[in-house]
> 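I have a structure I would like to understand better, so I am pasting it below and will then ask my questions one at a time.
In what follows, chains are A, B, ... by sequence order, proteins preceding strands, each numbered from 1.
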Protein chains: 2
Amino acid sequence: MSKTPARIRLADAAFALFDERGYEQTTVDDIAERAGVGRTTFFRHYRSKEEVIFPDHDRLLAAIKDRLVTSSHSTALVAVSDAVRLVLLHYIEEGDLARRRYALTSKVAALRDREIASVARYQRLFREFIADLMGDPTATASLRAELMAANVVAAHNHVLRRWLRGESSDPVAEMDEAMREVLALFPAPSVHEASGDDGTTVIAFRTGQDLDTLLPSLRRFIEGTTGH
Amino acid sequence: MSKTPARIRLADAAFALFDERGYEQTTVDDIAERAGVGRTTFFRHYRSKEEVIFPDHDRLLAAIKDRLVTSSHSTALVAVSDAVRLVLLHYIEEGDLARRRYALTSKVAALRDREIASVARYQRLFREFIADLMGDPTATASLRAELMAANVVAAHNHVLRRWLRGESSDPVAEMDEAMREVLALFPAPSVHEASGDDGTTVIAFRTGQDLDTLLPSLRRFIEGTTGH
DNA sequence: CCCGCCAACGGTACTGAGTACCGTAAATAC
DNA sequence: GTATTTACGGTACTCAGTACCGTTGGCGGG
């Protein structure tokens, strides 16, 4: 009669018990017992007690990797945005489950650490991807890749957490907006390769000088960077 | 005759055994035995097997918090820079020990995760500090704080790892340079309050258009933001 | 000198996560 | 039908971490 697969029953039992007694106060034996299976079966479906809460981080990480490797240079930044959106949509799809997990990670330090470690793996993937497509192995370029990856992940976390707390009604739009804000921090490096335009590059800075005072040096700078 | 305190002997024994057999292959009993003490004594000095490798993350975290709270608004960014430098100097002071730890965290996933979790605590501290001094509780301001904290920490990690790998001879200078680069990403929010200048704000973007084509809209934009 | 005190240590025993291995029942292939 | 896979339960083990108790060795005050 109990046709629901053991894997599901175990997850349900685990979340129910975590809610009732708390995470540390719940043993794997408790979970298995409530799910009506043996202790061995639990570890057959989940490698650890923590993994029952984060069941598909591995799959998600693989999906991100796939999205990144199947991208040409011209669509690189789009690929990063897409990959981030992938993660966000996954959480949204989970719906209430994601929020219950958030409640747990907010209370239990061990789970928060685990979550952070997972996010760090995403970040590492992004960093390597960005560094690869920049080609430049300089220290400053490497730092740049590190910063971009950190920004992308931080923006994602920010929007995701807002949604998890119920502070956002349209997280996807917020994510797009946040990503725009992040990418605006970095002068887009793709333009020069993507097209042979002789356009204008405007660098971000602030100065007390008037725009007209700056124009000569601006022109000089642009001529210096574009060749002539 | 063995006058060296048990705490030191335990740390030495632990690092030696980790080098010889690897982290997972070394039990706490092994460490205690080599240090010539009982197993209980180990846990009296270190709360866990991992903590023998990261003995003073708590102290460092407290030091950072101290540095941050003892700062006025005008010296806020200086305080963040100082706090980051504090961490870097701590590692440099450790010297070879820091490098042995780095070798371990590079190989053992559990230790890497632990390290990442510690760094995340620094980042959280920075984020809260920056968000506090911004005052603005808007979503975009909150995102901004998140991004700045992520950048500061990412820059620190980048320089620190370079030094740990022996790729940097003057990490402190590199850190200053990296911090400059990070702060350059964010238009300094203090300019408008600090002085009543009617200067020019240049926004970063790229376009295919020529500079002269852009000038009118640039002027319009500037007049729109500065009042008239 | 002895007493009481306190800190550091060792030993034993326990809980609980995770692993290894073995046996078994049902489903599926052939 | 038999053989093989698949999923499961049970037992026994290792090891990290906790709790508790007893012991030793100073150390100052009487």
Side-chain angles (χ1 to χ4, degrees), chain A residues 1-55 57-58 104-105 107-115 117-118, chain B residues 1-18 20-55 57-58 101 104-105 107-115 117-118:
Chain A
M1 254 303 161
S2 65
K3 216 180 55 209
T4 52
R7 190 182 163 83
I8 310 292
R9 289 208 314 275
L10 280 166
D12 288 345
F15 270 91
L17 285 168
F18 293 161
D19 283 345
E20 292 174 17
R21 317 181 191 172
Y23 178 78
E24 276 112 352
Q25 283 67 42
T26 303
T27 73
V28 173
D29 286 286
D30 296 336
I31 302 172
E33 189 185 354
R34 173 163 307 200
V37 299
R39 198 178 101 96
T40 314
T41 301
F42 177 92
F43 285 107
R44 227 173 246 125
H45 287 282
Y46 302 99
R47 278 179 295 205
S48 71
K49 183 179 164 188
E50 292 172 358
E51 211 195 73
V52 76
I53 306 182
F54 312 101
H57 257 146
D58 285 358
L104 281 175
T105 53
K107 289 190 188 304
V108 184
L111 298 179
R112 180 170 46 238
D113 289 354
R114 164 94 184 214
E115 173 96 68
S118 297
Chain B
M1 256 303 160
S2 64
K3 216 179 54 210
T4 51
R7 190 180 164 83
I8 309 293
R9 291 208 313 275
L10 281 166
D12 288 345
F15 270 91
L17 285 168
F18 293 161
E20 293 174 16
R21 317 180 191 173
Y23 179 77
E24 276 111 351
Q25 283 67 41
T26 303
T27 73
V28 173
D29 285 287
D30 295 337
I31 301 171
E33 188 184 354
R34 172 163 310 198
V37 300
R39 198 177 102 96
T40 314
T41 300
F42 177 91
F43 285 106
R44 224 171 250 127
H45 288 282
Y46 302 99
R47 278 178 297 205
S48 70
K49 183 178 162 187
E50 291 171 357
E51 212 194 73
V52 74
I53 306 182
F54 311 102
H57 256 148
D58 285 358
R101 185 192 302 123
L104 282 175
T105 52
K107 288 189 189 303
V108 184
L111 298 179
R112 180 170 48 239
D113 289 355
R114 164 95 184 213
E115 173 95 67
S118 297

> If I compare all heavy atoms of B:Ser48 with all of B:Arg114, which pair ends up nearest, and what's the gap?
OG-NH1, 3.9 Å
> For side-chain contact (heavy atoms from CB on, under 4.5 Å), just list the numbers for B:Leu10 and B:Ile31, CA-CA rounded to whole Å, side-chain angles, deciding distance to a tenth of an Å, and then say yes or no.
CA-CA 7 Å; B:Leu10 281 166; B:Ile31 301 171; 4.1 Å; yes
> Take the C1' atoms of the five end pairs on each side of the helix from C:dC1-D:dG30 to C:dC30-D:dG1, derive the two axes, and give their angle rounded to 10 degrees.
10°
> Quick one: is the NZ or CZ of A:Lys49 closer than 6.0 Å to the six-membered ring centre of A:Tyr23, and within 45° of its axis?
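So A:Lys49 does make the cation-pi contact.
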> Between atom CZ in A:Phe42 and atom P in C:dA17, what is the gap in whole Å?
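To the nearest whole Å, that distance equals 9 Å.
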> Give me the residues of residues 23-37 of chain B where at least one heavy atom lies under 4.0 Å from an atom of DNA chain C, by number, or none.
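Residues of residues 23-37 of chain B that come under 4.0 Å of DNA chain C are, in numerical order, B:Gly36, B:Val37.
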> Taking 5' to 3' order, which nucleotide of DNA chain D is first and which is last to have an atom within less than 4.0 Å of a heavy atom in chain B?
D:dC15 to D:dT18
> Test A:Arg21 against every option in A:Thr27, A:Asp30, A:Thr26 by the side chain to side chain donor-acceptor pair (under 3.5 Å) rule and name the one that passes.
A:Asp30
> Could you check how far CZ of B:Arg44 sits from C1' of C:dG10, rounded to whole Å?
8 Å
> Kindly list each side-chain donor-acceptor pair under 3.5 angstrom involving residues 34-42 of chain A, sequence neighbours excluded, with atom names and distances?
residue	atom	partner	partner atom	Å
A:Arg34	NH1	A:Glu20	OE2	3.0
A:Arg34	NH2	A:Glu20	OE1	3.2

> Looking at residues at least two apart in the chain, or sitting in another chain, which of them share a side-chain hydrogen bond (donor to acceptor under 3.5 Å, both in side chains) with B:Arg7?
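side-chain hydrogen bond (donor to acceptor under 3.5 Å, both in side chains) check on B:Arg7 returns nothing, list empty.
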> Without decimals, in angstroms, what is the distance between A:His45 NE2 and C:dG18 P?
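Distance check: A:His45 NE2 to C:dG18 P gives 16 Å.
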> Go through the steps to decide whether A:Phe18 and A:Ile53 satisfy the test side-chain contact (heavy atoms from CB on, under 4.5 Å), and finish with yes or no.
CA-CA 10 Å; A:Phe18 293 161; A:Ile53 306 182; 3.6 Å; yes
> Has the side chain of A:Arg39 got a donor or acceptor that lies under 3.5 Å from a partner of the other kind on the base of C:dG18?
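When only heavy-atom distances are counted, A:Arg39 does reach the base of C:dG18 through a donor-acceptor pair under 3.5 Å.
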> Locate the shortest heavy-atom distance separating B:Glu50 from B:Leu111; write the atom from each residue and the value.
CG-CD2, 3.9 Å
> Can you list the residues that meet the side chain to side chain contact (heavy atoms under 4.5 Å, CB included) rule with A:Glu33, with sequence neighbours excluded?
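Checked A:Glu33 against side chain to side chain contact (heavy atoms under 4.5 Å, CB included); zero matches.
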> Let me see the working for B:Val52 and B:Phe15 under side-chain contact (heavy atoms from CB on, under 4.5 Å), right down to the final yes or no.
CA-CA 9 Å; B:Val52 74; B:Phe15 270 91; 5.7 Å; no
> Search all heavy atoms of A:Pro55 against all heavy atoms of A:Tyr46 and return the closest pair with its distance.
CB-CE2, 4.3 Å
> Please classify the nucleic acid contact of B:Thr40 as base, sugar-phosphate, or nothing, using heavy-atom distances under 4.0 Å.
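Counting heavy atoms under 4.0 Å across all strands, the contact made by B:Thr40 includes a base.
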